[in-house]
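Heads up: the structure comes next, in structure tokens.
So that the names make sense, note that chain A is the first sequence line, chain B the second, and so on, each numbered from 1.
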Amino acid sequence: MPELPEVEVVRRGLESHVLQRPIAHVEVLHERPVRRHLAGPEDFADVLTGRTFVAARRRGKYLWLALDDPAQGDAMLVHLGMSGQMLVQTPDAPAERHLRVRFDLGDGSELRFVDQRMFGGLAVSVGGAIVPPEIAHIALDPLDSAFDDETFVAKVRRSASGIKRILLNQTVVSGVGNIYADEGLWRARIHGERPGSALTRPQVRLLLEEVRAVMTSALAQGGTSFDALYVNVNGESGYFDRSLDAYGQEGRACARCGTAIRRVAFMNRSSYFCPHCQPAPRRRRT
DNA sequence: GTATGTACCTGTTTGC
DNA sequence: TGCAAACAGGTACATA
């Protein structure tokens, strides 16, 4: 499940494998992944054919491949969703079961967007000065050197929402998904349902540091992966899942205190936490 | 403006 | 054995 470290691994792979090769042909095999390209699949293919990717950039979980003539600020925007992959293959490699879009790079290599669940997608973005306008609302991520810790701390402490919900809000901080939210909260010993406004400044700072630490560690190991749903641009799986302390660990002993990790329903998904290290707030929120 | 809930998707696993 | 429900979850959008 791609979060920031996985997306960064993909960005690096794209940077070294798809730049400076004019796109000879684009084939859209399923229209849903280009649904955010409002002019439609044919236009998507038409406007990209003949162009060249010149840079691979990222903000949070969004990627974009800048197109030639950088003065125009055009780019192909990419989101991997839950199951998206960017693969570089030879054109004669057999089509993946969930192959959605293919880009013939004309040099004997092919960029492929493969996505089982199709939460992800591609779109051509026009005229972005610094970032594509479609993602201007996405906050910086904690690994960005321009990320302002104190602004984040202030935003958290102004909000009555549960801290996990705030962590997942990409307009407050980007790149954090369900896995790293649970891991960061476990490391900081904070229950995800505690209101942001109930946390002290040092607690929020600690949480931010722990989220950073777990992401940095995951990045060093090539991203997290639980199954074949996530592979990087070379098709290699990450293996950070062996290092998880909370996420997916229901019933296992907490690495700090030995209490069984619990799972609770949260926003149509799951939250994992240690009931001893991360006591729930007294007044339960729903 | 802020907070919360849900649709969108498909393959696998679980339960009856 | 067969079918239905649950589950995985990031984002945009609807609703309160």
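Between A:H30 and A:R158, the residue anchored nearer the 5' end of DNA chain B, judged by the nucleotide with its closest heavy atom, is A:R158. Annotation: of the two residues near DNA chain B, A:M267 and A:R35, the 5′-most nearest-nucleotide partner is A:M267.
No salt bridge links A:E250 with A:R252; every basic N to acidic carboxylate O contact stays at or beyond 4.0 Å. Residues A:E31 and A:R35 are not paired through a salt bridge, judged by the lack of any N-O separation under 4.0 Å between the basic side chain and the carboxylate. In summary, A:D68 and A:R51 engage in a salt bridge, as defined by a charged side-chain N under 4.0 Å from a carboxylate O.
For B:dG11, one of the phosphate oxygens OP1 or OP2 lies less than 4.0 angstrom from a side-chain nitrogen or oxygen of A:H98. The side chain of A:R269 contributes an N or O atom lying less than 4.0 Å from OP1 or OP2 of C:dG10. OP1 or OP2 of B:dG5 sits under 4.0 Å from a side-chain N or O of A:R165. Distances shown here put every side-chain N or O of A:S161 at or beyond 4.0 Å from the OP1 or OP2 atom of B:dT2. Listed pair A:R117 / B:dT12 fails the phosphate criterion, with no side-chain N or O lying under 4.0 Å from OP1 or OP2. At C:dG10, none of the side-chain N or O atoms of A:Y180 fall inside 4.0 Å of OP1 or OP2 (strictly under the cut-off). Distances shorter than 4.0 Å separate some side-chain N or O of A:H79 from OP1 or OP2 on C:dT11. Contact annotation: A:Q170 side-chain N/O to C:dG10 OP1/OP2 distance is not under 4.0 Å.
Nucleic acid contact for A:H137: sugar-phosphate only, since backbone atoms but no base atoms lie under 4.0 Å from a heavy atom of the residue. Residue A:Y62 is in sugar-phosphate contact alone, with no base atom involved, counting any heavy-atom pair closer than 4.0 Å across all strands shown. The residue A:R36 sits close only to the backbone: its heavy atoms come under 4.0 Å of sugar-phosphate atoms, none of a base.
Closest of all the heavy-atom pairs between A:P142 and A:S174 is CD-O, 3.4 Å.
Rounded to a whole Å, the CZ atom of A:R59 is 18 Å from the C1' atom of C:dG10. Straight-line distance from the CG atom of A:L4 to the P atom of C:dT11: 11 Å, rounded to whole Å. Rounding to whole angstrom units, CG of residue A:N268 and P of C:dA8 are separated by 10 Å. Separating the CD1 atom of A:I166 from the C1' atom of B:dT2 is a distance of 12 Å, rounded to the nearest angstrom. Atom CG of A:L80 and atom C1' of C:dA8 are 16 Å apart (whole Å). Rounded to an integer number of Å, the gap from CE of A:M118 to C1' of B:dG11 is 12 Å. Spacing between atom CG of A:D115 and atom C1' of B:dT10 amounts to 10 Å, rounded to whole angstrom units. Following rounding to the nearest Å, A:Q116 (CD) and C:dC7 (P) show an atom-to-atom distance of 18 Å.
Both the sub-6.0 Å distance and the 45° axial angle are satisfied by A:R256 relative to the ring of A:W186.
A distance of 4.0 Å separates CD of A:Q170 from NZ of A:K61, quoted to the nearest 0.5 Å.
Checking B:dA3, C:dC7, C:dG10 against the side-chain heavy atoms of A:R263 singles out C:dC7 as nearest.
Side-chain atoms of A:R97 stay outside donor-acceptor range of the base of B:dG11, with no qualifying N/O pair under 3.5 Å.
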